[in-house]
Amino acid sequence: MILEQAVLDVRPGQADDFEVAFSQAKTIISAMPGFRRLTLSRCLERPDTYLLLVQWDTLEDHTGGFRGSARYQEWKRLLHHFYDPFPTVEHYRQVDSA
């Protein structure tokens, strides 16, 4: 399992619109092969900042499968104009837990 992590800085004053758009966009990503689950959390100290965590079966399910799909274009249309700056996305493999 791979964990995708992105800190999403939403333009000030657009958080409510972003959350509405995200609720539409999550139906796109959740239908992709290799998708397991996601969480979107809003920062308490910085309310225009969100943490997106997505679990994938493999790195390729995200980088090639989702990002290489036609449906990704709709994801981009719904969400990418909200970000400033554009987020850095990183991927993690679990090594320990408690």
Q. Which residues satisfy the side chain to side chain contact (heavy atoms under 4.5 Å, CB included) test with A31, sequence neighbours excluded?
A. R71
**Q.** For V89, the rest of its hydrophobic cluster, which grows through side-chain links under 4.5 angstrom
**A.** none
Q) What residues, two or more places apart in sequence or in another chain, satisfy side chain to side chain contact (heavy atoms under 4.5 Å, CB included) together with Q5? A) V7, L51, L53, E90, Y92
(Q) Restricting to non-hydrogen atoms, name the atom on A15 and the atom on P47 that form the minimum distance, rounded to 0.1 Å. (A) CB-O, 4.4 Å
Q.
Can you list everything that forms a side chain to side chain donor-acceptor pair (under 3.5 Å) with D61? Sequence neighbours excluded, please.
A. T58
Q. Which residues satisfy the side chain to side chain donor-acceptor pair (under 3.5 Å) test with R77, sequence neighbours excluded?
A. E74
Q | Check against side-chain contact (heavy atoms from CB on, under 4.5 Å), L78 and I28 | A | CA-CA 11 Å; L78 286 167; I28 296 169; 4.0 Å; yes
Q. Got a sec, which residues hit side chain to side chain contact (heavy atoms under 4.5 Å, CB included) with H81, two or more places apart in sequence or on another chain?
A. none
Q) Are L40 and F86 connected in a single hydrophobic cluster, I mean Ile/Leu/Val/Met/Phe/Trp/Tyr linked by side-chain heavy atoms less than 4.5 Å apart? A) yes
Q | Selection residues 17-41 - residue pairs positive for salt bridge (charged side-chain N to carboxylate O under 4.0 Å, His left out), sequence neighbours left out | A | E19-R42, R36-D57
Q) Can you check side-chain contact (heavy atoms from CB on, under 4.5 Å) on R11 and F82, steps first, answer last? A) CA-CA 6 Å; R11 296 176 191 280; F82 287 107; 5.8 Å; no
Q: Working to the nearest 0.5 Å, report the span between CG of D48 and CG of L8.
A: 12.0 Å
Q: Decide yes or no for R93 and I2: does some side-chain heavy atom of the first lie under 4.5 Å from some side-chain heavy atom of the second?
A: yes
Q: Establish, yes or no, whether a centroid distance under 6.0 Å links the rings of F18 and Y50.
A: yes
**Q.** Spacing of CG belonging to L52 relative to CG belonging to L79, to within rounding of 0.5 Å
**A.** 9.0 Å
Q.
Once rounded to the nearest 0.5 Å, what's the spacing between atom CZ of R67 and atom NE2 of H62?
A. 4.0 Å
Q) Can you list the residues that meet the side chain to side chain donor-acceptor pair (under 3.5 Å) rule with D9, with sequence neighbours excluded? A) T49
Q: Please name all residues satisfying side chain to side chain contact (heavy atoms under 4.5 Å, CB included) with V20, sequence neighbours left out, ordered by chain then number.
A: none
Q: Could you check whether the rings of W56 and F35 sit parallel, tilted or perpendicular, using 30° and 60° as the cut-offs?
A: perpendicular
